Amino acid sequence: MRKYLIGMLLVFVLPPAAAQEMTYQSTMLGVMGQAAIYDTYITSSNYAGTNFGLFHEQMRMTGLNERSIAMQHLFNLNVAVDDIQSMAMLEYGWGLHHRFEPLNGFQFFFGGQAHGMIGGIYNLSSNGGNNPATIKLHFDLGLSGIAAYQLEVKKQPVKLRYQATIPAVGLFWAPGFGQSLFEISLSKYPITFASFHNYLSMRNVLSVEVPFKYATVRLSYVNWMYETRINDNETRIHTNTLFFGLSKYFTVQPGRSVKQFME
Amino acid sequence: MKKFLKYGWLGLCALLLGSCIEIENFDNTPKGNFEALWKIMDEHYCFFKLKNVDWDAVHVKYAPLITNDMSDTLLYDVLVDMLHEVKDGHVNLQNGGLTGAYMGQYQNYPTNFNLTILEEDYLGSKYFNTGSIQYKILDDNIGYIRYEKFSYGVSETNMDYILYRFRDCHGIILDVRSNPGGNLSNADLIASRFVERKTLVAYIHHKTGKGHDDFSNRLPIYIEPPAGRVLWLRPVVVLTNRRCFSATNAFVSYMSNFPNVITLGDRTGGGAGLPFSSSLPNGWGVRFSASPQYNSKMQEIESGIDPDIFIDQTDEDKANHLDTLIETARKLLNSMNHE
């Protein structure tokens with residue numbers, strides 16, 4: 001039990017030993033979720049449906065700035081369906097966070113994230129219209145912050161973690177207000193600059209991790225709010241999903257095999 | 001937690017000059033569905049000015065007819081009547097199997113197409129089917145192609161096969177009468193076999209905003225022959241009638257630009273607005289013209305395209321099991337061959 005506690009703390013608290021890289025990896029499946037999808041390119045009505053997801057995260061301390069910078073990779077897949085639409089969005093985020101320890105027991109990471117998303121919302125009842133789907137393709141840069149706190153519950157270590165990411169500026173490929181896919185195929189892809197005036201998004205990930213003998217279980221509540229108003233087409237996607245998965249902590253010795261930290 | 005997130009999100013929006021999306025929710029009541037339908041058309045329909053329709057006046061006319069205790073059947077009838085104010089065959093309201101489509105572009109006009117005469121007296125029992133195209137070489141060595149719907153698939157190989165079979169013919173009759181339209185890419189594919197070089201054939205643009213006059217610049221549409229494929233540059237007569245609509249209308253417009261093509265029959269039914277779809281709170285689907293197309297001279301073709309030669313089916317020919325349009329086309333192609 002003591003090893004688990006030290007292991008998790010070391011990822012974020014103590015600088016790693018020279019020539020070793022602390023790595024945290026987590027994969028979760030979204031098992032219970034709700035999605036509200038509104039996209040005026042497809043329909044003028046708002047629909048609520050079910051959301052599923054796949055979330056994978058990897059984070060490790062880098063050698064930058066005396067090993068105070070953590071690098072994070074995030075992969076996220078959201079799949080939702082309602083009465084008339086289906087949605088699939090695949091995202092990748094790459095972030096660099098500076099570690100702060102202003103309070104005893106707390107770790108804070110703050111930095112930036114480069115993020116890309118590709119996906120679409122498909123109209124299941126398009127009735128021969130030339131707007132059967134809206135494609136979402138964009139790249140953005142934003143802010144990201146993590147807060148982690150280690151506690152014990154009846155001698156069982158429990159880690160609480162919260163991460164929020166907010167994109168700030170980006171480039172969108174987006175159709176014009178009434179531009180059909182046929183017309184788009186005849187012209188260059190329309191690229192639009194996006195920022196807070198037309199693009200608001202926030203992802204909140206609240207996690208609880210409980211290490212057991214053979215695995216660390218992670219339970220997360222993921223809230224994603226995504227709103228754009230580009231070329232007068234409005235999109236609003238709000239999802240709330242419960243994710244369940246496993247995490248692990250390990251070190252990687254360059255040139256040597258991976259050493260599971262719990263050994 | 002949800003309340004915290006909601007208010008935190010609203011707070012962020014307030015800070016960022018209120019740029020959050022406000023959804024205008026319409027109730028799933030007859031009045032709510034009426035308002036939703038009126039608004040969808042108001043913001044997205046592209047031909048109000050061309051058709052000289054005052055959509056605000058339409059709201060004033062129909063709103064009093066809607067009550068929240070009216071039946072779905074009555075609501076459907078009233079909404080369809082409202083949509084018929086724009087007199088557009090692309091505008092319809094789907095409720096199960098009902099579409100409520102406007103048909104005025106061909107009602108009260110001669111059909112000029114008799115399927116029985118075509119099948120019994122021209123195609124007979126010896127004709128070819130390639131993909132979704134029926135074709136045959138007529139007795140006077142003229143190729144005849146019948147394409148029923150542009151929604152039926154056709155491939156480059158299909159066209160190679162057909163045109164190669166017609167290689168010894170001196171002309172082709174391309175019959176698209178009563179073809180209600182379908183896939184524009186099929187119109188492009190077929191038309192590209194009748195042109196020698198890249199040719200401007202049409203323009204298209206789209207709405208850029210919710211205003212009735214918010215449009216983008218017009219984008220040119222070109223047709224060019226596919227490399228390595230069989231082309232036909234000898235005379236072609238395209239047969240048209242009032243039921244040539246949508247992609248068929250576009251096809252006739254494309255073909256009209258080619259020097260070896262003559263159009264014969266009646267004015268087409270129009271339908272030059274690429275349709276979009278949306279839905280009402282009660283789940284009914286609405287389809288409407290959203291993206292106008294024009295001919296190569298930037299003239300509107302929503303109301304149809306006049307043929308080069310106007311011809312109607314005669315009763316005398318009908319009695320003699322003759323298709324007047326096909327016979328006229330044959331005479332024309334034969335006279336061109338003898339020149």
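Everything numeric here is computed off the predicted structure, so don't read it as measured data. Just so we're on the same page: letters track the sequence lines, and every chain starts at 1.
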Need one label for B:Ile204: side chain, backbone, both or neither, based on atoms under 4.5 Å from any heavy atom in chain A. both
Using the test salt bridge (charged side-chain N to carboxylate O under 4.0 Å, His left out), find all partners of B:Asp88 that sit at least two apart in sequence or belong to another chain. none
Taking all non-hydrogen atoms of both residues, which atom of B:Ser216 and which atom of A:Glu183 are closest, and how far apart? OG-OE2, 4.1 Å
Between B:Ala290, B:Gly209, B:Pro281, which residue shows the highest count of heavy-atom pairs closer than 4.5 Å to chain A? B:Gly209
Shortest non-hydrogen separation from B:Ser277 to A:Asn123 and the atoms involved: OG-ND2, 3.9 Å
Can you give me the closest heavy-atom contact between A:Phe177 and B:Lys207, atom names plus distance? CB-O, 3.4 Å
Got a list of side-chain donor-acceptor pairs under 3.5 Å for residues 77-87 of chain A, not counting sequence neighbours?
from	atom 1	to	atom 2	distance (Å)
A:Asn78	OD1	A:Asn51	ND2	3.0
A:Asp82	OD1	A:Ile84	N	2.9
A:Asp82	OD1	A:Gln85	N	2.6
A:Asp82	OD2	A:Gln85	NE2	2.9

Select all residues of residues 293-301 of chain B having any heavy atom within less than 4.5 Å of some heavy atom of chain A, and report them by number, or 'none'. none
What distance separates A:Ile184 CD1 from B:His206 NE2, expressed to the nearest 0.5 Å? 8.0 Å
Contacting region of B:Leu219 [heavy-atom separation from chain A under 4.5 Å]: side chain
Would you compute the distance between atom CG of B:Leu184 and atom OG of A:Ser185 and round it to the nearest 0.5 angstrom? 9.5 Å
Identify which part of B:Lys39 has an atom lying under 4.5 Å from any heavy atom of chain A, answering side chain, backbone, both or neither. neither
Nearest non-hydrogen partners of B:Ser291 and A:Gly178, listed with the distance: CB-O, 4.2 Å
Considering non-hydrogen atoms only, spot the tightest contact between A:Thr43 and B:Ser279 and give its length. OG1-OG, 2.7 Å
Using 30° and 60° as the class limits, which term best fits the ring planes of B:Phe276 and A:Tyr41: parallel, tilted or perpendicular? perpendicular
Please find the pair of heavy atoms, one from A:Asp232 and one from B:Thr208, that lie closest to each other, and give the distance. OD2-O, 4.1 Å
Minimum side-chain heavy-atom gap A:Tyr38-B:Asn25 below 4.5 Å: no
For B:Thr248, which residues count as a side-chain contact (heavy atoms from CB on, under 4.5 Å) partner, sequence neighbours excluded? B:Phe150, B:Val176, B:Asn179, B:Cys244
